[in-house]
Visitor: 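Below are the structure tokens for one structure; questions will follow.
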Protein chains: 2
Amino acid sequence: MESRTPAQGSSPADEARGRPLLDLALEAIWHSEGMSRADLSRRLEVSRSTASELVGDLLDTGLVAEGGDGPSRGGRRPILLKFQDRAHVILGLDMGATHVAVALTDLRGRILAWREEAHPVRSDPEGTRALMIRLCDTVLEEVHGSASSLLGIGIAVASPVDHLDPLRLSETVLPAWRGRSGFEALQKRYRVPVFVDNDANLGALAEGWWGAGRGVKHFTFIKLATGIGAGHMFGGQIYRGATNVAGEIGHISIDPHGDQCLCGNRGCLVTFIGGEALVHRAQAMLADEAGSLLADGPITPGRIEEAALLRDPVAMQLVREVAHHLGVAIAGLLNLLNPEAVILGGSMARLKDDLLIPLRETVVRRTLVSSVAAAEIRVSELGPQGIALGAATLVLSSALSSPTLFPGMQNLVAGRP
Amino acid sequence: MESRTPAQGSSPADEARGRPLLDLALEAIWHSEGMSRADLSRRLEVSRSTASELVGDLLDTGLVAEGGDGPSRGGRRPILLKFQDRAHVILGLDMGATHVAVALTDLRGRILAWREEAHPVRSDPEGTRALMIRLCDTVLEEVHGSASSLLGIGIAVASPVDHLDPLRLSETVLPAWRGRSGFEALQKRYRVPVFVDNDANLGALAEGWWGAGRGVKHFTFIKLATGIGAGHMFGGQIYRGATNVAGEIGHISIDPHGDQCLCGNRGCLVTFIGGEALVHRAQAMLADEAGSLLADGPITPGRIEEAALLRDPVAMQLVREVAHHLGVAIAGLLNLLNPEAVILGGSMARLKDDLLIPLRETVVRRTLVSSVAAAEIRVSELGPQGIALGAATLVLSSALSSPTLFPGMQNLVAGRP
DNA sequence: ACACTTTGTTCGCCTACCGAACAAAGTTCC
DNA sequence: GGAACTTTGTTCGGTAGGCGAACAAAGTGT
């Protein structure tokens, strides 16, 4: 079974000695849209002759193809090389607390098929595993013939993931699963590597590759949901901390005299703006003021977001309160880590400026150095599909940084005839 | 003028392609004490023949020498290779708010000579620069003949440092310096590269190389002084954030109803345990209770530390309060970053368990995941010399990771006869 | 004394990469 | 429209960094 860290042949010495030229060439072509052999030669700082030879090898793999001539730069027109985004597909699974979602993507993060279904994940491991397989089969059938070119499966789980044994799940967060994910079944069924990581980390990864974090070196993604989780992207890499549980921003205390939290701390962020806290607060506010859209029917975080979008006064007051409390926590984050940006995802993200403007105000009032206050605070661009997309991106990023995962590249590195 | 980032020939392509074998060999020999050519071959995963040739080159530089035979492992006895720690010396300067300190070290972080002098650094740029040169001359003379083998100068400043222009100083923190450090004069006088970084970062670097952070991948160093600063070491590298001001832990709010801070925030950590806050709190406590060692004479953080060491009840009560407030901030840090360890330096560090025990208690009560609570909290092992030692270490680490900084290595990389 | 290990050197080989040269295909300027 | 110049992409010999095999030197274990 494959772990998230590519196990094969990655010795400490190899890491320091750098990656083979062929890998770098593939990655460079992926990043640029339509680069010539001469461009590649300049990019990798190799001679045009070697660039030419590298391209020859890559053409054989099918991952790269020639795609017509580009504009002349004063001489012969270059032959553009295009990464073949459709050479493979990737399955990205989002296993939340109460739903399962599956995205089938190409190698450019485009979602070719999508399925989402509500399910009591926490209490029903067997049913969840069956559902995951059913959804995977569905999307693979929908995009005809894609099963044969499946590159890998990425899975986002709403629980900490052990770096050394990513197929185990936290027994405290998901007791009914008893630590065993059973994801090996997916690996056996589809005969491809399986990668697992925490959902906030993968939300961050997706935003960094395709969303609000493109081109941003250091940022933190905060997922607002029942719980509050964060994923850090430092220098293009997910930062996981010592034991892979970095990002528990929900349990930062923002008021030592606040309510007791399950974690033992007082005044955790989650006791102010977690899903349950929001519902309680809404109920309390409705007791004072009637005439809210929230008055009829059960109150859920989703309905609060809906109501705020419709400019319901109670819901908007709640959003302002969320903005304030979150602002205190983010101010601390900025002072401590000085990221370039903070990206908000999950519920509330659709509110955009209604959330961001009061949030920014709190942050600016509460940060010292001007450059810290200049950090951008944005909302997710990917919405609810972001987590599953991030799971697929985990596979893609692994493959691009160590292309032996691509079936066509294995012949080249091992020993060619 | 050299910046902290080695400017010479470091193109993006070079970085990805990895460092030359010769550099890796030098670093490997530095790290091990007495490794053979065969060991090196295994470590770098190259053949014994190449390892042998690499060693031949390194012997020529004078940075490595053969140091007798090692114990047999069942065959011929290996010839041990020893890094020549005395081949060069390094100057490490610590420019605090009210003092200047200089350490002359060898290539193993041993302090060969040390000078420290109080000086109103903030208000007197000219005098500070003259003092720095005087102290440098003194320590270079004391270790006779070392001036000729000076490798470089590292400087720790108690102000944020711009990554792109490390010779500029923050105008807000040190207005009298008007942004100009004038450190170019040191470079001209001693004809060696000068490296500059923030003092908390360099404290972290020193602890990571020589002190309480040896072998710890991810940790945060917190310097308690007039202000509270932190430096993060992630994976052996100083983490600086987007604009080089990561680590402003002093301005994390731990109580939104607390006192107003200069930064605009309320209830910042410094308003509880910064140098001035400590003095005020001590004065207030003395009004209630007499008979303290602190009653006679001016109250300073240093005297509070002294009194606590002598088990003065007022001072010890203050320490417990510091431990509690710091614990709240550290709990947040652990939840957010999940480091392996937190290392405390500056004043109070000498108190060890008197500080650590109540601190750990607060942290454990306030962190969710068990592995987060398992993070080690320690005090600095290097004491007041740590910052200057870190400045010297900045030079050493740069030289080891890009050995062209060593005079003897330049002939080899360029083009040998 | 013998077999077996480990170290370190030598030497020929292989291959990834380079530079020079060249053809093909454009552009610019007169 | 043609000459001069550019840029691209290929070919081809050269080079040097690293490898493996072989070997001598110096150990250990039985």
Side-chain angles (χ1 to χ4, degrees), chain A residues 9 11 13-14 16-26 28-29 32 34-60 64-82 409 412-417, chain B residues 11 13-14 16-26 28-29 32 34-60 64-82 412-417:
Chain A
S11 63
D14 270 351
R17 279 179 69 182
R19 298 159 48 201
L21 225 40
L22 200 64
D23 299 11
L24 296 171
L26 184 66
I29 293 172
S32 102
M35 102 191 303
S36 69
R37 289 163 172 81
D39 290 334
L40 185 67
S41 142
R42 284 185 288 261
R43 190 83 198 299
L44 301 186
E45 292 179 332
V46 297
S47 68
R48 285 210 310 283
S49 42
T50 43
S52 221
E53 175 151 349
L54 291 171
V55 169
D57 287 350
L58 289 179
L59 291 177
D60 293 341
V64 172
E66 295 186 335
D69 288 3
S72 161
R73 281 206 267 169
R76 172 177 170 177
R77 297 171 65 190
I79 305 171
L80 294 187
L81 301 165
K82 306 226 162 154
M409 296 282 290
L412 287 179
V413 290
R416 72 196 93 174
Chain B
S11 64
D14 271 351
R17 281 180 68 181
R19 298 159 48 201
L21 271 176
L22 201 64
D23 299 11
L24 296 171
L26 184 65
I29 293 172
S32 102
M35 100 191 305
S36 69
R37 289 164 172 81
D39 290 335
L40 186 67
S41 144
R42 283 185 288 261
R43 190 84 198 298
L44 301 186
E45 291 180 332
V46 296
S47 68
R48 287 210 310 281
S49 41
T50 41
S52 221
E53 177 152 347
L54 290 171
V55 169
D57 288 350
L58 288 178
L59 291 177
D60 292 341
V64 172
E66 295 186 333
D69 288 2
S72 161
R73 282 206 268 166
R76 171 175 169 177
R77 299 172 64 188
I79 306 171
L80 294 186
L81 302 165
K82 306 227 164 158
L412 288 179
V413 290
R416 68 197 97 174

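All figures in this text were calculated on a predicted structure; none of them were measured in a lab. Convention: sequence-line order gives letters A, B, ...; per-chain numbering from 1.
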Visitor: Taking side chain as C-beta onward, heavy atoms only, is K82(B) less than 4.5 Å from V64(B)?
Guide: no
Visitor: To the nearest Å, how far apart are D69(B) CG and dG8(C) C1'?
Guide: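 Interatomic distance, CG of D69(B) to C1' of dG8(C): 12 Å.
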Visitor: In whole Å, I'd like the distance from the CE atom of M35(A) to the P atom of dT8(D).
Guide: 12 Å
Visitor: Determine yes or no for a side-chain-to-main-chain donor-acceptor pair under 3.5 angstrom, with R77(B) supplying the side chain and G70(B) the backbone.
Guide: yes
Visitor: Write down the distance between CG (D23(B)) and P (dG17(D)), rounded to a whole number of angstrom.
Guide: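 Value for this atom pair: 14 Å.
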Visitor: Donor-acceptor check, side chain of S36(B) to backbone of I79(B), threshold 3.5 angstrom: yes or no?
Guide: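 Absent.
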Visitor: Would you say the base of dG20(D) and the side-chain of S49(B) have a donor-acceptor pair closer than 3.5 Å?
Guide: yes
Visitor: Quick one: E53(A) CD to dT8(D) P, roughly how many Å, whole number?
Guide: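 For the pair E53(A) CD and dT8(D) P, the rounded distance is 20 Å.
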Visitor: Grab the CD1-C1' distance between I79(B) and dT9(C) for me, whole Å please.
Guide: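 Atom-to-atom, I79(B) to dT9(C), this comes out as 10 Å.
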Visitor: Between dC18(C), dG9(D), dC19(D), spot the one nearest the side chain of S52(A), thanks.
Guide: dG9(D)
Visitor: Roughly, in whole Å, what's the span from CZ in R42(A) to C1' in dT8(D)?
Guide: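 Rounded to the whole Å, the gap is 9 Å.
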Visitor: Using whole Å, report how far CZ of R73(B) lies from P of dT7(C).
Guide: 5 Å
Visitor: Of the nucleotides dT7(C), dG9(D), dG27(D), which has the atom closest to the R76(B) side chain?
Guide: dT7(C)
Visitor: Write down the distance between CZ (R37(A)) and P (dA25(C)), rounded to a whole number of angstrom.
Guide: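 Atom CZ in R37(A) sits about 14 Å away from atom P in dA25(C).
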Visitor: Drop me the distance from M409(A)'s CE to D23(A)'s CG, to the nearest 0.5 angstrom.
Guide: 5.5 Å
Visitor: Ignoring backbone atoms, establish whether S47(B) has a side-chain N or O less than 4.0 Å from OP1 or OP2 of dC19(D).
Guide: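 Result: yes.
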Visitor: Please tell me which of the listed nucleotides, dG26(C), dC19(D), dG8(C), lies nearest to the side chain of S72(A)?
Guide: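 Closest nucleotide to the S72(A) side chain: dG26(C).
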Visitor: Of all the nucleotides listed (dG9(D), dC17(C), dT7(C)), which has the minimum atom distance to the side chain of S36(A)?
Guide: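 Among the listed nucleotides, the one closest to the side chain of S36(A) is dG9(D).
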Visitor: Does any donor-acceptor pair link the side chain of R48(B) with the base of dG8(C) at a separation under 3.5 Å?
Guide: yes
Visitor: Need to verify one output field. Residue with the more 5' nearest nucleotide on DNA chain C, G74(B) or P78(B)?
Guide: G74(B)
Visitor: With rounding to the nearest 0.5 angstrom, report the CG to CG distance, L44(B) to L54(B).
Guide: 7.0 Å
Visitor: I want to confirm an ordering. Mapping L54(A) and R77(A) to their closest nucleotides on DNA chain C, which one lands closer to the 5' end?
Guide: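 Taking each residue's closest nucleotide, the earlier one in sequence belongs to L54(A).
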